[in-house]
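For ligands, and for the atoms within them, numbers begin at 1 and follow the listed sequence.
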Amino acid sequence: MFFAGMLLGCVTFLSGKPADTNLRLWYTQPASKWLESLPIGNGSLGGMIFGGVEQEHIQFNEESLITGTTQTVGNYQPFGDVYLDFPGLQAEDYARELNLDEAVHQVRFTSNHVKYQRDYFASYPDKIMVLHLNASKRGLISGKIKLTDAHKAIIKISGNKIAASGKLAENQMEYESQLLVLNQGGTFISDTSGITIKDANQVTILLAAGTSFLNDYNKDFKGEHPHNKLDKILTDASKKSYAQLRQRHVADYQKLFKRVRLNLGKAPKQPTFDRLNAHKQGKKDPALEALLFQYGRYLLISSSRPGSLPANLQGIWNNEYKPAWYSQYTTNINIEMNYWPAEPTALSECHLPLFDWIENFAAVQKKSTDPKLQTKRGWICYSTNNILGGPSTWGIHRPGSAWLSQHFWEHYAFTGDKQFLKTRAYPMLKDVSGYWEDHLVDSKDGKLITPDGWSPEHGPGNVEGDRTPYPGVSYDQQIVFDLFSNCIEAAEELGEDASYSKERTTKRNRLLGPQIGKWGQLQEWMEDVDLQDDHHRHNSHLFAVHPGRQISPLTTPDWAKAALVSLNARGDVSTGWSTAWKINLFARLGQGNRSYDLIRQLFRQCIVENLFDTHPPFQMDGNFGYTAGVAEMLLQSHIKEENHYILQLLPALPNAWTNGEVKGLRARGGFVVDMKWKDGRLESCLIKSLLGNDLQLYYEGNTKQMKTTTGKSYRLNSNFL
Ligand code: FUC
């Protein structure tokens, strides 16, 4: 029998205080299935918490555990489970909640007149998951702690540590998880089945996990066995008190999360599940809509941090060996949608993992011997790919590289980071543009067209999955237009390649542009063959509205009108990410009430118990797309005129959000925007200029030009126009 040596200081943390009702997911029962459990994550390590009383269950993942290689896609894998057994506890006054303000999950209950509180979080600065068990009376925490592995790891238990170490059969990837138990008061004893705690006052459990994957193409993605790294992570963390670990985590998280606030009204004091059901049945609860907005930000912070891999189809949370679409990266909407909220909702740092992955990914595609991937300049890819750039060869997705490179431009447009533009964004945009310059052909009318396009994921006549190549498909044409535009602007910003940009501008102007068809629609195909009853989930031919910027009611009203006809014809009923995309599209078309219809639809059909968004079974892109959509409804800045962006204030405010306030949204050109509205009208707005750029404000058809100074804030009331 041992007494744990190090420890924890004598912090007693048993506040029992519920979090701000507007920022918590709150339940009165433990989760009975995975989609009721609640997520925590530090960018790389994720946990789903069930909140059981007699048995707590935390299913965990680490971002890089996949069965794939650079040749085949494989599947993202579950990693393991932590079980905490406390036989005999009986819960009264049970609550479990995820507090988005601090990124801490808490379970509270009373058993036999003793109050118990368990706090869990995943810390980015300390690279670990922390589980803290506490009770209102000393010496009352007794139970067993077990770590299991989802594959065939060898589990070793020695003293207060459990380590599970293994190798995946499919690709020889080495992996390990380590768990350390630190008890304050009481004793512990370990045997082959776990670590048993007796009569402790508090217990802190630290969990770390890793693999031999290295996020570096130049090293063939192969790194060292994770054992030594994990040892060090746990040793370093165990030198800190629980209070320090928690404080470091909350400070790190809040630096990002607190940048944006959204107030659409006060939350009713009802458990989240009841609110969700009431909402599904038509009850008004704008605060729940604001909560889902912030949840998307929480999920992005928790699944994508500098140095991590990008969030995959399920963020980092997965309990299946064969998850839907491999739970990896799909380039014809899904991975891009994951990152739509990053810049507008002030999480620019969370965008960075995407760029690291794209650069590695590009290198793998360029080196591939697959005949379908051969290019003279630039690179192309398949639809679905893994963390090592390995594809599922279901279908070539030619404009995938162009769509991905849009994100490099957007990062610059919001941050003004010239170094990033010069060393990473422009080289990527120029490289991919080269591919299209080589690939485009002349149509019989002298337009430049893609000879072998595809409108994900169907063919004319709405044939699902039809991969027949067609010339001049709108999706390809619009993405190439966007790519060339971004490339030309990037060169201008850098003062480079003037004559090359001139040629590229000529080419861009020769591209076959959007066409209006016989029923007033924006054509999906070069020929006017769109079906009015085509309800396909992809809105590929509306890329130019969002996330592109070729079509807008401000600059191209006829095309915008046709886009609206097409969007309405697509119908409102679809899957998670499709519905989220429509929120963004209607917002860009200035149709706030239609965006709101889709918000109701998303809640009704796609949001499940833990507020994950389904594309049955579950895909996180819909959560991210929703958050981006709400931001688009409140502020848009994608239109540029001469040297300045136009900041459209409340461009798609729905009637349902009569009064409200948002703080900290970001606009292209480097602006932080706060707005308050009352009775559906903008009341005041505060704009902070981060880069000293000029801007134009736009509100309900009126405009105002402004020069700004770096670091200065400008307060405007409703008479500003
Ligand atoms: C695209 C979509 C599917 C799914 C998959 C991950 O292929 O068409 O619906 O979302 O990505």
Hey, does the side chain of Glu63 reach the backbone of Leu309 with a donor-acceptor pair shorter than 3.5 angstrom? yes

Show the numbers, then the answer: is there a ring pair (Phe, Tyr, Trp, His ring centres under 6.0 Å) between Phe624 and Trp577? CA-CA 9 Å; Phe624 296 132; Trp577 60 255; over 10 Å; no

Is the NZ atom of Lys366 crowded by more than 12 outside heavy atoms at less than 6.0 Å? yes

May I ask you to check whether over 12 heavy atoms, not counting those of Lys518, lie within 6.0 Å of atom NZ? yes

Given a heavy-atom cut-off of 4.0 Å, could you list the residues near ligand 1 in chain and number order? Leu313, Trp325, Thr330, Asn332, Asn334, Glu457, Arg537, His538, Trp577, His615, Gln619

Salt bridge (charged side-chain N to carboxylate O under 4.0 Å, His left out) between Asp533 and Arg570, intermediate numbers included: CA-CA 7 Å; Asp533 62 354; Arg570 230 27 166 207; over 6 Å; no

Could you walk me through whether Trp525 and His458 satisfy the ring pair (Phe, Tyr, Trp, His ring centres under 6.0 Å) test, starting with their C-alpha distance in whole Å, then the side-chain angles of each, then the deciding distance to 0.1 Å, before giving a yes or no? CA-CA 11 Å; Trp525 317 97; His458 66 168; 5.7 Å; yes

